[in-house]
Amino acid sequence: MQSDALITFSADQAEAYDRVAADLFGMGIDLDAGGLTPMAEGKNSVLAVVGKAGSGKTMLLASLYRALKGAGVDIVSGDFEGRRRKDRRTLAVLAPTNKAASVLRLRGVPATTIHRILYTPVYDPQYEKIAEWLAGQAPRPAVEGLTELALDRAFAFYSQVPSIPGALAAAGLRGSDFIQGWKRREEPLDVGFVDESSMLDQKALDDLREIFPTLVLFGDPAQLAPVGNSGEMVFDKLGDSRKLVLHRIHRQAEDNPILDLAHALADDEIGFGDFEAMVQNASRRDDRVIWAERVDSDLMARSPVLVWRNVTRIKLIQAFRAGHGCPEFELMPGEPLICDGIELPLKHRKKRIDLEARGLIKGAQVIYLGPGSRPGFAKLHVVGAEDPQMSAASIIKIEKPGEEEPFIPSAANMGAAFLHGAAVTIHKAQGSQWEDVQVFAPDLYAAAMAGRSEAGMPLWKRLAYVAITRAEKRLHWVVRSSLARPKRGLTVEDLRASPVLTLLDQAAQD
């Protein structure tokens, strides 16, 4: 096993690392000696590294990424793909959501979404020269309209953050200057690491296996399975020899009261009342756990309240809007949204690709910035996307309690569809994390009283585990069905870091 002076693996992590390294060796990548041989035709491999929160899956993924990069494997990030060589070996690190990918990027791993890797950007030829230079595939170019200082800024940015669009933006370019469109990936890649793989269904796994001969899935078996999967994760179908289980909770997580609560749910003897008492006791000892009498309406603007029932979600959204004084039939800048998919006919496939490649995939968290310059368009900030701000044809729906049809404050004839995002179901929250997470405990109590189970575990415990592990820093356990008045107004000032890019979606007029 390749040593790393900064990391000490537990026994199960070391065993998992060695097993993945051995699998890669069989596919022509030697992590110990740094040797690479061309990818062999017809060989394929799927491994899964599974463990609960705090077991070190992300640390292991990051260590394997660094080892692959050190061995000479090229990293495919989704924003630029260099020239093909017969002897080239590649790695792509993927996640199902923008937010999950952004969590990895903050830890130094250049992750992208699964959807983004299915499409590749088509660069303007003169700006493609800059991309090739930054990627180490060509000499420094001379580009009309760009000064040497602008190229220096691009190089300095790329040296710190390996993002081609970010580097070109540092040179003073906009996405619409250098990306002419998107095309479906035509040829397979090589090695794929997939984080949050508990969210994958069988079709998604099959699609990935068509692209990646070598797949390593990283997932949490205690999460909620995808809807329609009968409580089963895709890695459950792998044989025991293809699953590497991390049992030990890593030392960095041992003093984390949030993870302590999550792992306590595995005790068969603990009922809902016992667990709430544990939450309350934890809140007295540690300010990372907060016993909340009411929902904090200010937090809802950036991190949604997590609920079980749709009826609860809709009521909380209405209370949030009323508390912030939002007009009934229009949105205010700063209101959160959730992408509910793309409503475009097949003939507008290119427009769909444009929207999805920018991060507007189903489940994406979005902040409304204001109306666009054309009817039916909205300016949006896609949370966690590498290029977050855009303008797009939008269909925004806000549901009301007891009403079958939502009202639509903003609508193009077709485009990206959105629901309000001040509250979301725990199922939809999978793959995302927020610094502060509010869990609506009355809903979990209702799930406990319903007596339902999933994959042999009480449903309320699975819901609680997923909801709790969405919290990066603080867990707010909300015990009453009431909402605190906002202490500050809605704002978008915290999102003004990058310019708004325009998506010229002609579908609204065609």
Side-chain angles (χ1 to χ4, degrees), residues 276 279 283 290-340 363 365-370 378 381 383 395-410 417-429 432 434-450 460 463-464 466-468 470-471 474-492 494-495:
E276 277 216 318
V279 176
S283 71
I290 299 160
W291 183 265
E293 297 289 339
R294 298 177 179 83
V295 175
D296 186 326
S297 54
D298 290 315
L299 283 179
M300 292 169 75
R302 292 295 178 268
S303 56
V305 181
L306 305 187
V307 305
W308 173 44
R309 299 174 294 188
N310 261 320
V311 64
T312 307
R313 177 179 65 85
I314 294 169
K315 286 180 178 178
L316 283 169
I317 288 168
Q318 288 302 313
F320 167 85
R321 301 198 79 240
H324 281 281
C326 301
E328 184 176 5
F329 296 110
E330 61 182 277
L331 286 176
M332 288 176 60
E335 289 197 65
L337 303 171
I338 297 290
C339 182
D340 198 38
Q365 185 187 3
V366 176
I367 307 298
Y368 178 73
L369 300 178
H381 179 100
V383 177
I395 304 162
I396 300 170
K397 308 170 186 177
I398 300 182
E399 301 140 295
K400 285 192 169 185
E403 295 187 15
E404 214 168 291
E405 294 296 323
F407 77 86
I408 301 177
S410 174
F418 299 95
L419 300 175
H420 205 279
V424 302
T425 61
I426 293 168
H427 251 110
K428 283 196 173 179
S432 293
W434 297 272
E435 286 194 2
D436 287 78
V437 163
Q438 300 185 84
V439 180
F440 195 71
D443 255 23
L444 298 185
Y445 175 75
M449 292 302 97
W460 78 266
L463 292 166
V466 173
I468 287 169
R470 300 309 92 203
R474 287 170 293 276
L475 168 68
H476 302 249
W477 188 263
V478 181
V479 296
R480 291 188 181 177
S481 300
S482 60
L483 188 79
R485 290 182 178 276
K487 295 178 182 176
R488 55 184 183 271
L490 291 171
T491 181
V492 296
D494 56 321
L495 308 175

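Hydrogens, waters and symmetry mates are skipped; everything else that's a heavy atom, side chains included, is used.
Under the 4.0 Å criterion applied to side-chain N and carboxylate O atoms, K487 and D296 are not assigned as salt-bridge partners. Salt-bridge check for R313 with E399: passed, with a basic side-chain N closer than 4.0 Å to an acidic carboxylate O.
With hydrogens and angles left out, the side-chain atoms of E276 and W291 include no donor and acceptor closer than 3.5 Å.
Listed for the Q365 side chain is no donor-acceptor partner under 3.5 Å among the backbone atoms of S432. R470 places a side-chain N or O within 3.5 Å of a backbone atom of V466 that can act as its donor or acceptor partner. Remark: side-chain polar atoms of Q318 are not paired, donor with acceptor, to backbone N or O of K315 under 3.5 angstrom. Looking at S303, its side chain does come within 3.5 Å of a backbone N or O of D436 through a donor-acceptor pair. Side-chain atoms of H420 come within 3.5 Å of backbone N or O of A422 as a donor-acceptor pair. In this structure, R321 contributes its side chain and P327 its backbone to a donor-acceptor pair below 3.5 Å. A donor-acceptor pair is defined here as one N or O able to donate and one able to accept, closer than 3.5 Å; no such pair exists between the side chain of D340 and the backbone of F418.
The environment of CZ in R294 is sparse: at most 12 heavy-atom neighbours from other residues, nucleotides or ligands sit within 6.0 Å. Heavy-atom neighbours of R480 CZ from other residues, nucleotides or ligands within 6.0 Å: at or below the threshold of 12.
When all heavy atoms of W460 and L444 are compared, the closest pair comes out as CB-O, 3.6 Å.
To the nearest 0.5 angstrom, H476 atom NE2 is 14.0 Å from E293 atom CD. Atom CD1 in I317 sits 7.5 Å away from atom CG in L419 (nearest 0.5 Å). Separation of atoms CG (L337) and CD1 (I398) is listed at 7.5 Å; rounding is to 0.5 Å. In this structure, the separation between CG on L490 and SG on C326 is 5.5 Å, given to the nearest 0.5 Å.
Side-chain contact check for I396 versus L331: some heavy-atom pair is nearer than 4.5 Å. R302 places a side-chain heavy atom less than 4.5 Å from the side chain of I367. Side-chain contact check for L299 versus Q438: some heavy-atom pair is nearer than 4.5 Å.
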